[in-house]
Amino acid sequence: MNKFTTRPEITGNFGVVTSTHWIATAVGMSILEKGGNAFDAAVATGFTLQVVEPHLNGPGGEVPLILAPNKKEPIVICGQGVAPQLATLKTFHDLNLNIVPGSGLLPAVVPGAFDAWMLLLLDYGTMSLREVMEPAIGIATKGYPLVPNIINTIKSVEELFRNEWKSSAEIYLPGGNLPKSGDFFKNIKMAETYLKIINEAELKSGDKKEQIQHARKIWSQGFIAEEIENYCKNNEVMDTTERKHKGLLTGNDLANWSATIEKPLSYDYKNFSVCKTGPWGQGPTFLQQLALLKHFDLDSLDELSPEFVHLVIESTKLAFADREAFYGDTNFNNVPMETLLSDEYNNDRKNLISENASMEVRPGKIEGFAGKVVVRPKGTTPESFSKFDIGEPTVARFDEPNPNSLGETKGDTTHFDIIDKWGNMIAGTPSGGWLQSSPIIPNLGFCLSNRGQMFWLDENSPACIGPKRRPRTTLSPSLALKDGEPYMVFGTPGGDQQDQWSLHLFLRHVHFGLNLQEAIDAPGFSTAHFPNSFYPRETDIGHLALEGRFPKETIEALVKKGHKVSVDTDWSLGRMTAASKNNEILKAAANPRFMQGYAIGR
């Protein structure tokens with residue numbers, strides 16, 4: 001194929017940082033320049049992303065991290081907060097709900113990002129709390145330029161803010177006005193909140209590690225937890241049900257949760273081993289797709305060919321059907337991952353891939369597991385949701401916000417990848433606590449995550465809601481080893497598309513020799529042929545979105561195969577970033593779509 005790239009692949013040997021926002025990338029690199037390692041830089045980058053991309057993540061959100069400390073095995077840090085103790089099926093059924101609202105306080109889970117950053121800094125970082133948090137505090141205080149997508153998001157919930165979520169209006173409609181693209185925007189209250197944490201921690205101790213531990217306690221048991229409990233208990237807020245509800249989160253929920261370190265799941269493919277989170281996230285779908293695709297000769301194909309796109313999409317449909325049927329919090333569910341990644345299972349599953357597009361949602365059959373998938377047909381209301389099983393097509397797209405929404409706007413996500421001169425590498429996908437998730441807690445300057453919308457209100461589902469359960473998140477950073485050595489960290493925002501777009505990057509790099517930037521820039525594609533993880537949980541049977549840069553012949557051939565093709569604009573599908581290490585050479589690349597992401601290094 002004729003390789004096309006918008007930018008050079010960044011190359012160096014000192015350090016590389018890439019993220020979904022140029023300011024966060026610059027902050028991460030500044031930490032490396034000051035002598036910090038990749039994990040210090042990750043914390044500073046993460047806090048900065050909360051400031052400069054408030055429509056995509058915030059302090060009240062969550063983050064999964066995957067990292068390979070130099071000369072050590074890869075690990076996962078789970079910063080996905082859990083459902084409140086009061087979040088039971090009975091609670092929601094007593095409210096006459098059979099789907100978790102997409103906004104407001106009811107879907108709020110324990111905000112997990114802060115403790116994950118602190119655990120990373122404590123165990124693997126070298127810098128102090130103040131050193132890694134000061135850049136974000138300074139940017140929130142002095143202001144940063146608003147990109148068009150932030151304006152679009154605020155506009156979509158403007159009336160909701162003015163009429164209902166008035167604490168959000170105070171921050172995001174400064175002076176009562178919708179901000180304009182290019183305006184410099186400040187969140188003084190968020191900056192004050194973080195500065196207060198630092199000052200209180202420093203008063204407790206002069207030791208860096210003790211300060212980090214105090215900061216964790218301040219968040220989970222101090223003024224942060226108190227403000228969150230008081231707000232949830234004393235405020236009824238409008239959500240997607242068109243009714244007002246109080247929140248379920250309490251101080252005890254925050255006090256009884258902390259981020260954890262886990263072993264990643266991995267799968268060997270060619271001379272690579274890909275590491276992902278466990279099935280409390282959708283990450284293993286990436287591995288399941290590899291387990292199917294290894295049975296096909298992708299090396300013989302052109303990566304813009306209809307055959308390549310068809311094989312990948314049909315594998316995606318099967319893997320994501322299994323996500324719906326089997327994935328859930330492994331602290332409460334026995335998830336048959338060994339079977340799902342086995343050769344025997346995938347030898348059978350690959351035979352379901354034919355020359356034509358599948359029009360069914362087809363989870364596998366595993367003895368002892370129900371494997372049921374519920375599909376909501378187009379045009380039905382959330383209230384009638386439970387009446388339907390696998391059914392008619394419906395729409396589940398990651399679209400632009402609709403004006404005058406009730407906060408059901410699907411928030412996207414952020415991502416970063418960092419490698420330092422010592423060979424430490426880390427990928428993270430911070431999300432949740434979007435400005436459109438729920439109202440701003442006035443004394444904190446941020447809102448809570450609505451990740452609870454990913455729970456099902458169905459006791460037969462492994463992703464059923466319940467106290468202390470992790471919602472089956474879409475957040476999915478990736479790490480790949482090559483010939484047994486940590487080689488690449490990569491990922492993307494995009495909800496259900498994350499383990500599609502990042503897979504496409506990986507396949508194009510491995511099979512077709514595209515460098516990181518070329519693989520990111522290549523025309524994007526994805527499907528929504530499975531229940532969407534976001535409210536109102538719709539499904540689009542047979543759907544296939546393609547960027548318009550695909551050859552006309554490819555598009556026509558895919559239509560002939562029966563795919564329900566929608567041709568999107570030329571630069572619309574994908575948000576990937578990636579960084580790699582080969583011996584002492586470091587490389588990085590970033591997504592050019594929406595003109596926000598940047599890679600830097602030397």
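Residue numbers count from 1 along this sequence. FYI, side chains are in, hydrogens and waters are out, and symmetry mates aren't considered; it's all heavy atoms of this structure.
No donor-acceptor pair under 3.5 Å is formed between the side chain of Ser526 and the backbone N or O of Gln497. Proximity of a side-chain donor or acceptor of Asn591 to a complementary backbone N or O of Met576 within less than 3.5 Å is not detected. Side-chain atoms of Asp183 come within 3.5 Å of backbone atoms of Lys180 as a donor-acceptor pair (strictly under, hydrogens ignored). Counting only distance, with no hydrogens or angles, the side chain of Asn346 and the backbone of Arg349 share no donor-acceptor pair below 3.5 Å. Put simply, the side chain of Gln596 never gets that close to the backbone of Trp22: no donor and acceptor are under 3.5 Å apart. The closest donor-acceptor contact from the side chain of Gln453 to the backbone of Tyr535 lies under 3.5 Å. Judged purely by atom type and a 3.5 angstrom limit, Asn582 has no side-chain atom pairing as donor or acceptor with the backbone of Ile585. The closest donor-acceptor contact from the side chain of Glu547 to the backbone of Leu573 lies under 3.5 Å. The closest donor-acceptor contact from the side chain of Thr18 to the backbone of Ala589 lies under 3.5 Å. Between the side chain of Ser572 and the backbone N or O of Asp568, no donor-acceptor pair lies under 3.5 Å.
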Check the pair Met337, Leu265 against side-chain contact (heavy atoms from CB on, under 4.5 Å), reporting the backbone distance first and the verdict last.
-> CA-CA 9 Å; Met337 281 314 311; Leu265 273 179; 3.9 Å; yes
Report the C-alpha separation of Glu355 and Lys561 in whole Å, then their side-chain angles, then the decisive distance to 0.1 Å, and conclude whether the side-chain contact (heavy atoms from CB on, under 4.5 Å) test is met.
-> CA-CA 7 Å; Glu355 290 298 312; Lys561 286 180 176 293; 3.3 Å; yes
Evaluation steps, side-chain contact (heavy atoms from CB on, under 4.5 Å), between Thr413 and Gln498 | CA-CA 10 Å; Thr413 301; Gln498 287 183 33; 3.9 Å; yes
Salt bridge (Lys or Arg N to Asp or Glu O under 4.0 Å) evaluation trace for Arg470 with Glu262 | CA-CA 14 Å; Arg470 289 174 285 188; Glu262 305 176 359; 2.8 Å; yes
Applying side-chain contact (heavy atoms from CB on, under 4.5 Å), run through Val309 and Leu544 and close with a yes or a no.
-> CA-CA 10 Å; Val309 174; Leu544 171 57; 4.2 Å; yes
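Heavy atoms only, all atoms of each residue included: Gly364 and Phe326 are closest at O-CZ, 3.3 Å. Nearest heavy atom pair, residue Cys275 against residue Pro264, reads CB-CB, 3.9 Å. A pairwise comparison of heavy atoms in Trp280 and Pro64 identifies CH2-CB, 4.1 Å as the closest pair. Of all non-hydrogen atoms in Gly524 and Phe550, the two that sit nearest each other are O-CE1, 3.4 Å. Summarising the geometry of Ala579 relative to Val16, their closest heavy-atom pair is CB-CG2, 4.0 Å, with the distance given to 0.1 Å. In this structure, Leu65 and Ala116 approach most closely via the heavy-atom pair CD1-O, 4.2 Å.
Ring-centre distance between Tyr144 and His21: not below the 6.0 Å cut-off. Taking the six-membered ring where the residue is Trp, the centroids of His529 and Phe320 are separated by 6.0 Å or more.
Atom CD of Glu307 and atom OG of Ser300 lie 9.0 Å apart (nearest 0.5 Å). Rounding to the nearest 0.5 Å gives a distance of 6.5 Å between CG of Leu298 and CG of Leu311. Taken from CD1 in Ile139 to CD in Gln50, the straight-line distance is 11.5 Å, to the nearest 0.5 Å. Atom-to-atom distance recorded for Ser437:OG and His55:NE2 is 12.0 Å, nearest 0.5 angstrom. The CH2 atom of Trp434 sits 10.0 Å away from the SG atom of Cys447 when rounded to the nearest 0.5 Å. The distance from atom OG1 of Thr474 to atom CD of Gln282, rounded to the nearest 0.5 Å, is 5.5 Å.
Counting only heavy atoms from C-beta outward, the side chains of Val373 and Pro531 approach each other to under 4.5 Å. With a 4.5 Å cut-off on side-chain heavy atoms, Phe185 and Pro54 do not count as touching. Between Asn271 and Lys482 there is a side-chain heavy-atom pair separated by less than 4.5 Å. At a threshold of 4.5 Å between non-hydrogen side-chain atoms, the residues Asp299 and Lys270 count as touching. Val489 is not listed as a side-chain neighbour of Ser478, based on a closest heavy-atom distance of 4.5 Å or more. The shortest distance between side-chain heavy atoms of Val565 and Ile555 falls below 4.5 Å. Residues Val51 and Asn187 form no side-chain contact, since every pair of their non-hydrogen atoms from C-beta on lies 4.5 Å or further apart.
Here Lys317 pairs with Glu314 in a salt bridge; the nearest charged N to carboxylate O distance falls below 4.0 Å. Salt-bridge formation is detected for the pair Arg451/Glu62: a Lys NZ or Arg NE/NH1/NH2 atom is positioned less than 4.0 Å from an Asp or Glu carboxylate oxygen. Using a 4.0 Å cut-off between charged side-chain N and carboxylate O, Arg575 and Glu53 make no salt bridge. In this structure, Arg472 does not pair ionically with Asp329, as no charged nitrogen and carboxylate oxygen lie closer than 4.0 Å. Asp496 has a carboxylate O that lies under 4.0 Å from a charged side-chain N of Arg323, or vice versa, which qualifies the two as a salt bridge. We find that Arg593 and Asp570 are not joined by a salt bridge, their nearest charged nitrogen and carboxylate oxygen being 4.0 Å or further apart.
Side chains of Asn532 and Glu538: a donor-acceptor N/O pair is absent below 3.5 angstrom, by distance only. No hydrogens or angles considered: a donor-acceptor pair under 3.5 Å links the side chains of Gln288 and Asp322. When only modelled atom types and interatomic distance are considered, Asn57 and Ser431 share no side-chain donor-acceptor pair under 3.5 Å. A donor atom on one side chain and an acceptor atom on the other are found under 3.5 Å apart for Ser476 and Lys276. Between the side chains of Gln289 and Thr316, a donor-acceptor pair is found at a separation under 3.5 Å.
Applying the ring-ring contact (aromatic ring centres under 6.0 Å, His included) test to Phe296 and every residue at least two apart in sequence or in another chain returns nothing. Every ring-ring contact (aromatic ring centres under 6.0 Å, His included) that Phe506 has, sequence neighbours left out, goes to Phe272, Phe286. Among residues two or more places apart in sequence or in another chain, the side-chain contact (heavy atoms from CB on, under 4.5 Å) test is passed with Ser273 by Asp268, Leu481.
Exactly one residue among His504, His563, His543 makes a ring-ring contact (aromatic ring centres under 6.0 Å, His included) with Phe525. That residue is His504. Of the options Thr414, Asp417, Thr25, a side chain to side chain donor-acceptor pair (under 3.5 Å) to Thr577 is made by Asp417 and by none of the others. Of the listed residues (Ser502, Pro477, Ser19), just one forms a side-chain contact (heavy atoms from CB on, under 4.5 Å) with His415, and that residue is Pro477.
Other residues, nucleotides and ligands contribute at most 12 non-hydrogen atoms within 6.0 Å of the NZ atom of Lys587.
A cation-pi contact, defined as under 6.0 Å to the ring centre and within 45° of the axis, links Arg7 to Tyr598.
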